[in-house]
Amino acid sequence: MPATVHVRELTADDLDAAWELGRFAFGSDPQRPAQATATPAGLTRHGAFDDSGRLVGKAVDLHHDQWWSGRAVSAADVAGVAVAPEARGRGVGRALLTALLRGAHARGAAVSALYPTVAAPYRACGWETAGVLRTVDLSTAALPRHRPASHLTVRAGTVVDLPAVADLYERVARYRNGMLTRRGELFDFFAVDGGLPGDGLTLVEADGDLVGYATWQRGRGYGANSVLTVDEALAVTPEAAREIVGVLGSWASVAPTLRLCPLDGDAVSVHLPLESARDHERDLWMHRPVDVARAVSARGWPAHARGVVDFGLTDALADWNCGTWRLTVADGAAELTRVDGEADLRLDVRGFALLYAGAALARSVAQAGLLHHSPGVDPAALDLLASGGPAQLLDYF
């Protein structure tokens, strides 16, 4: 491969080559879905080309928003990164991610998340592991039995109910950190047209208001290996959560295994026998700031958090993040302002990602070599940046 690589946004004429590159990288079905060559709003496709004009790498910037303590933060979530085998190890991925970050910064994105197939190349570009999306298997018969509550209505949902389902998801997600808002042109484009997102939708209502739901896939068979896959089960009251768990438990005779992604500490998860859960799948996810100043000012912060701390920041791919910053947090808001001189605390962008996502505290970040401090200076002063976590994702992209 020539030493130079040229990165630009892909056009409609490039999408066939991009599909083939992704198909070989991820072992996809040779049958190409119609969406593979569509050009929806809400995403930017980047391609890397060699001197002959051959596409040797690609990456997609998904224009998501993420909830952070009640406020929607613009994100550049990364998907579909693939490099031709002949071009691997030659800086193609780094060139793609550099261009993606610059484009995301120009359009106003603040943060970025991705699911890596291997973490090391993304760490080299400033992302750091911040959490795991777990899919677990439970014995359906082990779910707690529940006597239906007379004041609640349990019924099958239809497509007419999907806006109410989206509203309830938002009630659960918006005051957490990291979860997608599921708003915008990209979600509109990929929404299921004319049908439910799975085989079934179960609703729980109180006085006509939706207070819980589960979407599920029935699967095949009814023997010992039959699995009921729950795409999502959320509730906003404990009574609704018990109703949802009771309905799921009713499948025990024909679907001995229940498969779902638990949301830590939510109304449904606290009723599940997670002590006996078996991991079916674990998807590591990584995070990084696109623009540190935006990432701090755009999100919500805990009302009790208050303080000021100066720190230096290094970021090899995003020079606009580099320098000395003053973090000020008060009254549920925060800001970063540039200050002159050197700071006693010096943070790598990966350390910033860990703290911002609540994945680690400052002393641990220092032990990992991602935070350096002058002698006698307590690195725990930067726990102020971690006061909003932990973050969690419930969507795979």
Side-chain angles (χ1 to χ4, degrees), residues 26 33 35 40-44 59-81 100 104 109-117 122 127 129-136 162-193 195-198 201 212-217 229-236 259-269 279-288 290 299 353 356-359 389-397:
F26 302 115
Q35 292 175 335
L43 61 78
T44 306
V60 182
D61 169 8
L62 303 171
H63 303 184
H64 289 158
D65 287 334
Q66 299 174 4
W67 286 119
W68 288 85
S69 298
R71 297 177 66 180
V73 177
S74 178
D77 291 336
V78 182
V81 179
L100 186 150
V111 295
S112 174
L114 57 83
Y115 288 94
T117 53
Y122 298 102
W127 280 264
T129 57
V132 175
L133 175 62
R134 295 173 61 223
T135 304
V136 302
L162 292 181
V165 169
D167 289 344
L168 190 142
Y169 165 82
E170 185 166 305
R171 290 175 64 187
V172 172
R174 70 177 298 133
Y175 289 102
R176 289 175 172 264
N177 290 331
M179 294 178 64
L180 302 191
T181 66
R182 298 183 181 171
R183 298 174 177 175
E185 295 172 310
L186 189 58
F187 277 95
D188 292 342
F189 176 83
F190 285 105
V192 176
D193 184 17
L196 295 174
L201 169 63
Y213 71 87
T215 59
W216 42 268
Q217 314 272 355
T229 300
V230 179
D231 297 315
E232 198 156 270
L234 298 176
V236 293
R259 182 168 293 158
L260 80 167
C261 295
L263 182 61
D264 292 342
D266 80 311
V268 172
S269 290
D279 278 359
H280 171 71
E281 196 169 32
R282 293 171 58 87
D283 293 298
L284 185 79
W285 58 270
M286 307 179 79
H287 211 265
R288 82 141 23 237
V290 174
R299 64 174 284 178
Y356 183 92
Q392 187 172 5
L393 280 171
L394 198 56
D395 292 270
Y396 185 86
F397 46 82

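Predicted model only: the values in this text are computed from it and were never measured.
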**Q** So, applying side-chain hydrogen bond (donor to acceptor under 3.5 Å, both in side chains) with Q66, which one of T181, D395, D77 is it?
**A**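 When T181, D395, D77 are each tested with Q66, the side-chain hydrogen bond (donor to acceptor under 3.5 Å, both in side chains) holds only for D77.
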
**Q** Is there side-chain contact between V111 and H287, with at least one heavy-atom pair below 4.5 Å?
**A**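 Yes, at least one pair of side-chain atoms sits under 4.5 Å.
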
**Q** Do V136 and L260 have side chains that get closer than 4.5 Å, going by heavy atoms?
**A**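 They are in contact (side-chain heavy atoms under 4.5 Å apart), so the answer is yes.
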
**Q** Measure across A41 and E185 and return the closest heavy-atom pair with its distance rounded to 0.1 Å.
**A**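 Of all heavy-atom pairs spanning A41 and E185, the closest is CB-OE1, 3.4 Å.
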
**Q** For R176 versus D264, what's the shortest heavy-atom pair and its separation?
**A**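 Shortest heavy-atom contact: NH2-O, 2.9 Å.
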
**Q** Could you check whether any side-chain heavy atom of W127 comes within less than 4.5 Å of a side-chain heavy atom of V78, counting everything from C-beta outward?
**A**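 Yes, at least one pair of side-chain atoms sits under 4.5 Å.
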
**Q** Applying side chain to side chain contact (heavy atoms under 4.5 Å, CB included) to L234 and L168, what does each step give before you reach the verdict?
**A** CA-CA 8 Å; L234 298 176; L168 190 142; 4.1 Å; yes

**Q** Residues two or more places apart in sequence or in another chain: which of them pass side-chain hydrogen bond (donor to acceptor under 3.5 Å, both in side chains) with N177?
**A**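 By the side-chain hydrogen bond (donor to acceptor under 3.5 Å, both in side chains) rule, N177 matches S69.
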
**Q** Shortest non-hydrogen contact from Q217 to G198?
**A**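 Answer, listing the atom of Q217 first, then G198: NE2-CA, 3.5 Å.
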
**Q** Measuring from L186:CG to L62:CG, what's the distance to the nearest 0.5 Å?
**A**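 Interatomic distance, L186 CG to L62 CG, rounded to 0.5 Å: 6.0 Å.
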
**Q** Identify the heavy atoms of L393 and L133 that sit nearest to each other, and give their distance.
**A**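 So the minimum-distance heavy-atom pair works out to O-CD1, 3.4 Å.
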
**Q** What distance separates L100 CG from T44 OG1, expressed to the nearest 0.5 Å?
**A**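 Spacing of CG (L100) from OG1 (T44) equals 7.5 Å.
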
**Q** In Å and rounded to the nearest 0.5 Å, what is the CZ to OG1 distance from R259 to T229?
**A**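 R259 atom CZ to T229 atom OG1 measures 5.5 Å (nearest 0.5 Å).
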
**Q** Quick one: list whatever passes side-chain hydrogen bond (donor to acceptor under 3.5 Å, both in side chains) with W67, sequence neighbours left out.
**A**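 Expected list: none.
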
**Q** Minimum heavy-atom separation for P116 to M286, with atom names?
**A**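 For P116 and M286, the tightest heavy-atom pair comes out as CG-SD, 3.5 Å.
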
**Q** Do V81 and Y122 touch side chain to side chain, with heavy atoms closer than 4.5 Å?
**A**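 Of all side-chain heavy-atom pairs linking Y122 with V81, at least one is under 4.5 Å.
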
**Q** Is the shortest distance from a Lys or Arg side-chain nitrogen in R134 or E281 to a carboxylate oxygen in the other one below 4.0 Å?
**A**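 No, this pair does not count.
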
**Q** Quick one: do V172 and L263 satisfy side chain to side chain contact (heavy atoms under 4.5 Å, CB included)? Show the steps, please.
**A** CA-CA 10 Å; V172 172; L263 182 61; 3.8 Å; yes

**Q** Ignoring hydrogens and angles, tell me if any N or O in the side chain of R174 forms a donor-acceptor pair with the backbone of G70 under 3.5 Å.
**A**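 Checking the backbone N and O of G70 against the side chain of R174, a donor-acceptor pair under 3.5 Å is found.
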
**Q** Please answer whether the main-chain N or O of A76 pairs with a side-chain N or O of S112 as donor and acceptor at a distance below 3.5 Å.
**A**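 Pair found, side chain donor or acceptor close to backbone of A76.
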
**Q** Side chains of V165 and L201, heavy atoms from C-beta outward: is any pair under 4.5 Å?
**A**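 Side chain of V165 against side chain of L201, heavy atoms only: contact under 4.5 Å found.
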
**Q** Applying side-chain hydrogen bond (donor to acceptor under 3.5 Å, both in side chains) to E232 and Y213, what does each step give before you reach the verdict?
**A** CA-CA 8 Å; E232 198 156 270; Y213 71 87; 2.5 Å; yes

**Q** Could you tell me the separation between the CG atom of L114 and the CH2 atom of W285, rounded to the nearest 0.5 Å?
**A**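 Rounded to the nearest 0.5 Å, the CG-CH2 separation comes to 10.5 Å.
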
**Q** Partners of F187 by side-chain contact (heavy atoms from CB on, under 4.5 Å), sequence neighbours excluded?
**A**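 So F187 forms a side-chain contact (heavy atoms from CB on, under 4.5 Å) with H64, L180, R182.
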
**Q** For residues L162 and G195, report the shortest heavy-atom separation together with the two atoms involved.
**A**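 The pair with the smallest heavy-atom distance is CD1-O, 4.0 Å.
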
**Q** Run the ring-centre check on Y356 versus W68 and record whether the distance is less than 6.0 Å.
**A**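 For Y356 and W68, the ring centres are under 6.0 Å apart.
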
**Q** Is C261 close to L394 at the side-chain level, that is, under 4.5 Å between some pair of heavy atoms?
**A**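 Heavy-atom side-chain distance check passes, below 4.5 Å.
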
